[in-house]
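When reading the values below, keep in mind they use all heavy atoms of this one structure, side chains included, and skip hydrogens, waters and symmetry mates.
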Amino acid sequence: ALQLFEKKGFQPFMQEWVEYDLLKGKMIRTFVHQNTLIGEANGVTQNGLLRVLSNGVEHWLHSADVSVKLD
């Protein structure tokens with residue numbers, strides 16, 4: 001899996017992620033640097049960025065920058 005990820009990135013794993021995404025549709029609280037964003041987990045992008053829908057705006061967050069808690 002690591003070799004595949006190294007060669008092709010996240011894309012080959014996208015479908016499996018969708019099947020196992022336990023946060024999808026749940027309200028979450030994200031902590032990005034010193035800011036808090038509360039919204040609905042909306043899956044991930046094709047590059048693996050976390051999608052959070054908050055007040056009608058979809059935010060894309062890098063996992064290295066984010067701490068997530070169920071709200």
Test log, rule side chain to side chain contact (heavy atoms under 4.5 Å, CB included), inputs H59 and L53: CA-CA 6 Å; H59 302 267; L53 186 60; over 6 Å; no
For [X], check side-chain contact (heavy atoms from CB on, under 4.5 Å) against everything at least two apart and list the hits.
X	result
K7	none
F13	A1, L4, F5, F10
D21	W17, L23, K24

Spacing of CD belonging to Q11 relative to NZ belonging to K8, to within rounding of 0.5 Å: 10.5 Å
Apart from M27 itself, residues in the same hydrophobic cluster as defined by side-chain heavy atoms under 4.5 Å: I38
Members sharing L49's hydrophobic cluster (side chains within less than 4.5 Å):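 Other cluster members: W60.
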Sub-4.5 Å side-chain heavy-atom contact between I28 and L50: yes
T36 and T30, any side-chain heavy atoms less than 4.5 Å apart: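 With C-beta onward as the side chain, the pair stays apart.
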Over 12 non-hydrogen atoms of neighbours within 6.0 angstrom of CD in E19: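 Yes - once you tally the heavy atoms of other residues, nucleotides and ligands closer than 6.0 Å, there are more than 12.
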Non-neighbouring partners of E58 that pass salt bridge (charged side-chain N to carboxylate O under 4.0 Å, His left out), sequence neighbours left out: R51
Linked, directly or transitively: L61 and L70 (ILVMFWY side chains, under 4.5 Å):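 Yes; tracing contacts between hydrophobic side chains, which count when under 4.5 Å, links both residues.
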Check: S54 side chain, L37 main-chain N or O, donor-acceptor pair, under 3.5 Å: no
